[in-house]
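Residue numbers start from 1 in every chain, and the chains themselves are labelled A, B, ... in the order their sequence lines are given, proteins ahead of strands. A quick note: this is a predicted structure, and the numbers were derived from the prediction, not measured.
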Amino acid sequence: MRLSRFYLPVLKETPAEATIISHQLMLRAGMIRQQGAGIYAWLPLGFRVLKKIEQVVREEQDRAGAVELLMPTIQQADLWRESGRYDAYGKEMLRITDRHDREMLFGPTNEEMITEIFRAGVRSYKDLPKLLYHIQWKFRDEIRPRFGVMRGREFLMKDTYSFDIDKDEARRSYNRMFIAYLRTFARLGLKSIPMRADTGPIGGDLSHEFIVLADTGESEVFCDRDLLDMPAPDINVDFEGDLQSLVDQRTVHYAATDEMHDVEEFEQKVSSEKRVSARGIEVGHIFNFGTKYSKAMNAVVMGPDGKEVAAEMGSYGIGVSRLIGALIEAFHDEQGCKWPVAVAPFHVGIINLKAGDEAVDGACTDLWRQLESQNVEVIYDDTRSRAGEKFARMDLIGVPYQITVGPRGLKEGIVELKLRIDGSKQELSPEAAVNFIKEKIAEGLKVH
RNA sequence: CGGGGCGUAGCGCAGCCUGGUAGCGCAUCUGCUUUGGGAGCAGAGGGUCGCAAGUUCGAAUCUUGCCGCCCCGACCA
């Protein structure tokens, strides 16, 4: 992609309304534009990152055995009356009417709808288990939206729903998502800690929040330091097998958010040097809530004994748009974003120091073509901006590998390669740069 | 919803108290000079001063109402 054709409205100064670094950088890097309190348009750069994150989430859901579908954003009030939540949900639900005065709503979540879809198509225990998910925009009319996409009113969420014949099987579905979540966040480069959580208005008795530590996080969290050093299960994990021991390894350690925090237990279970109290961002939340919706909505299957039973259910959410905020909080410096390869909007930036110069233009175009032919995503700065501005902009948007091509180096057959992660630079031939990057990108995209 | 603050050019802000030609920096456009880490000089364009009503000879400025946004708190992916 030529930068001159792209739409990248970067800001030199930080807009006053943004108070946390991720919000500031998203605005400055031209990733989002605010359209109202808690409502954002995704500009091309932000959209690319969002899609990358979405794809990682999708791949790990699929790996864990979940099946993707897509439910609408607009739902009928009657569906929510079946579960009783139309009245219970309160002002967070955006209620609207259509031209026939039918009551509708913009979905804040999809338990009712997925239960309706499930009951329409499943009759027997032989069809279970089922794990269904979608990645869709939600709207929750938050009391106070803030921190940019971290607490927006409209946000992109991956929500999975599980249906099982009994509690043991439901636990197995829960465990699948538990492990899938650890893998998802790890692939994004984030260290997530599962913490026991309050089930809130959704109900049920088994729930974990997945927290990424960050100073700007909204939750106060407490955990055992050992959890921080525990790697996510690797690609060989068998989702069809018994995952309980992997889950237990994490859940035996103390980890709780402030609303579930028990000081006495914390001090008793965790030695003082291992006690971590910090702030964190909730990037995922998983619940098992039994038959709350299946009973209310008559989502039943025939069991092996010929009796109808209400399906055991769970729901599992990941805040996809919020993850962008969490990622920037984790990966940035004074200059701007520092994207991990797996989610970078572009893998490589080519900086043409003298656009219009035949030799430099030619060298840049060659590099660009060669890299793209290797499926490397390139943003080629072919603009007439000054060098300093180009460097600053490339750092701001956080492109992990940057190749600078100028007349001076080119005379010696050399370009400069910079790594955004540590700022290190090396001079090498264009061919060597391509080979180096090719390897690094392949490494960065490799799923472990 | 309670408390606090803000709304003036694309962005960051001053002007308001004490009413009288709407300003500054950055950005944009033109020209010249520069050109390897956010250039210099000269010039130019760009404003319903959030909206409405009121007071006044005269309102960005004073009054009232409304709208929007931000921050602190109670709620949440």
Using a 4.0 Å heavy-atom cut-off across all strands, classify [X] as base, sugar-phosphate, or nothing.
{"X": "A/Glu13", "result": "base"}
{"X": "A/Gly36", "result": "sugar-phosphate"}
{"X": "A/Val320", "result": "nothing"}
{"X": "A/Gln34", "result": "sugar-phosphate"}
{"X": "A/Ala18", "result": "nothing"}
{"X": "A/Gly152", "result": "base"}
{"X": "A/Thr404", "result": "base"}
{"X": "A/Gly317", "result": "nothing"}
{"X": "A/Glu142", "result": "base"}
{"X": "A/Pro9", "result": "nothing"}
{"X": "A/Asp159", "result": "nothing"}

Original post:
Parallel, tilted or perpendicular: which fits the ring planes of A/Phe163 and A/Phe118, with parallel below 30° and perpendicular above 60°?
Top reply: parallel
**OP:** Over 60° means perpendicular and under 30° means parallel, so classify the ring planes of A/Trp368 and A/Tyr380, tilted if in between.
**Re:**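 Taking A/Trp368 first and then A/Tyr380, their aromatic rings sit tilted (interplane angle of 30° to 60°).
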From [options], nucleotide with atom closest to [X] side chain:
{"X": "A/Arg386", "options": "B/rU34, B/rC72, B/rG37", "result": "B/rU34"}
{"X": "A/Ala37", "options": "B/rC69, B/rU34, B/rG38", "result": "B/rC69"}
{"X": "A/Ile143", "options": "B/rC11, B/rC70, B/rA74", "result": "B/rA74"}
{"X": "A/Phe287", "options": "B/rG36, B/rG37, B/rA77", "result": "B/rA77"}
{"X": "A/Lys418", "options": "B/rA74, B/rG37, B/rA77", "result": "B/rG37"}
{"X": "A/Ala16", "options": "B/rG36, B/rG25, B/rC13", "result": "B/rC13"}

Listed pairs, N/O of protein and of nucleotides 47-52 of chain B, under 3.5 Å:
none

[atom1] spacing across the pair [N] / [M], given as an integer number of angstrom:
{"N": "B/rA22", "M": "B/rA14", "atom1": "C1'", "result": "11 Å"}
{"N": "B/rG54", "M": "B/rU8", "atom1": "P", "result": "24 Å"}
{"N": "B/rC66", "M": "B/rA60", "atom1": "P", "result": "22 Å"}
{"N": "B/rA27", "M": "B/rC17", "atom1": "P", "result": "33 Å"}
{"N": "B/rC67", "M": "B/rA59", "atom1": "P", "result": "25 Å"}
{"N": "B/rC13", "M": "B/rG47", "atom1": "C1'", "result": "15 Å"}
{"N": "B/rU55", "M": "B/rC62", "atom1": "C1'", "result": "8 Å"}
{"N": "B/rC1", "M": "B/rU18", "atom1": "C1'", "result": "38 Å"}

What's the [atom1]-[atom2] distance between [X] and [N], to the nearest Å?
{"X": "A/Ile318", "N": "B/rC76", "atom1": "CD1", "atom2": "C1'", "answer": "16 Å"}
{"X": "A/Tyr316", "N": "B/rA77", "atom1": "OH", "atom2": "P", "answer": "15 Å"}
{"X": "A/Met157", "N": "B/rA77", "atom1": "CE", "atom2": "C1'", "answer": "5 Å"}
{"X": "A/Arg384", "N": "B/rU28", "atom1": "CZ", "atom2": "P", "answer": "15 Å"}
{"X": "A/Leu156", "N": "B/rA77", "atom1": "CG", "atom2": "P", "answer": "15 Å"}
{"X": "A/Glu218", "N": "B/rC75", "atom1": "CD", "atom2": "C1'", "answer": "10 Å"}
{"X": "A/Glu416", "N": "B/rG37", "atom1": "CD", "atom2": "C1'", "answer": "10 Å"}
{"X": "A/Lys12", "N": "B/rU28", "atom1": "NZ", "atom2": "C1'", "answer": "13 Å"}

Has [X] got a side-chain N or O lying under 4.0 Å from the OP1 or OP2 atom of [N]?
{"X": "A/Arg146", "N": "B/rG73", "value": "yes"}
{"X": "A/Arg144", "N": "B/rC72", "value": "yes"}
{"X": "A/Arg151", "N": "B/rC76", "value": "no"}
{"X": "A/Thr19", "N": "B/rC71", "value": "yes"}

**OP:** Report yes if the ring of A/Phe155 lies under 5.5 Å from the six-membered base ring of B/rA77 with planes under 30°, and no otherwise.
**Re:** yes
Is it the case that [X] and [Y] place a side-chain donor and acceptor less than 3.5 Å from each other?
{"X": "A/Glu329", "Y": "A/Thr216", "value": "yes"}
{"X": "A/Asp159", "Y": "A/Tyr316", "value": "no"}
{"X": "A/Gln61", "Y": "A/Thr160", "value": "yes"}
{"X": "A/Gln24", "Y": "A/Thr14", "value": "no"}
{"X": "A/Tyr181", "Y": "A/Glu60", "value": "no"}
{"X": "A/Glu282", "Y": "A/His285", "value": "yes"}
{"X": "A/Arg58", "Y": "A/Thr184", "value": "no"}

Original post:
Mind checking who B/rC69 pairs with, Watson-Crick or G-U wobble, both distances under 3.5 Å?
Top reply: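 Answer to the pairing question: B/rG5, which forms a Watson-Crick or G-U pair with B/rC69.
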Counting only distance, no hydrogens or angles, is the base of [N] paired donor-acceptor with the side chain of [X] under 3.5 Å?
{"X": "A/Glu389", "N": "B/rG38", "answer": "yes"}
{"X": "A/Lys390", "N": "B/rG36", "answer": "no"}
{"X": "A/Gln335", "N": "B/rG38", "answer": "no"}

**OP:** Identify the two heavy atoms, one from A/Lys354 and one from A/Val360, that lie closest to each other, and give their separation to 0.1 Å.
**Re:** O-CB, 4.0 Å
Original post:
How about A/His23 and A/Phe147: are their ring centres within less than 6.0 Å of each other?
Top reply: no
Original post:
Under 6.0 Å between the ring centres of A/Tyr161 and A/Tyr293?
Top reply: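 Judged by ring-centre distance (under 6.0 Å), A/Tyr161 and A/Tyr293 do not meet the cut-off.
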**OP:** Between A/Val10 and A/Arg322, just flag the one whose closest nucleotide in RNA chain B comes earlier from the 5' side.
**Re:** A/Val10
**OP:** Find which nucleotide of RNA chain B each of A/Val149 and A/Lys91 is nearest to by heavy atoms, and output the residue with the more 5' nucleotide.
**Re:** A/Lys91
Subject >> Ionic contact status for A/Arg187 with A/Glu59, cut-off 4.0 Å >> reply: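 Salt bridge present between A/Glu59 and A/Arg187.
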Subject >> Selection: residues 180-194 of chain A, any non-hydrogen atom under 4.0 Å of RNA chain B >> reply: none
Subject >> Cation-pi geometry met for A/Arg48 and A/Phe346 (6.0 Å, 45°) >> reply: yes
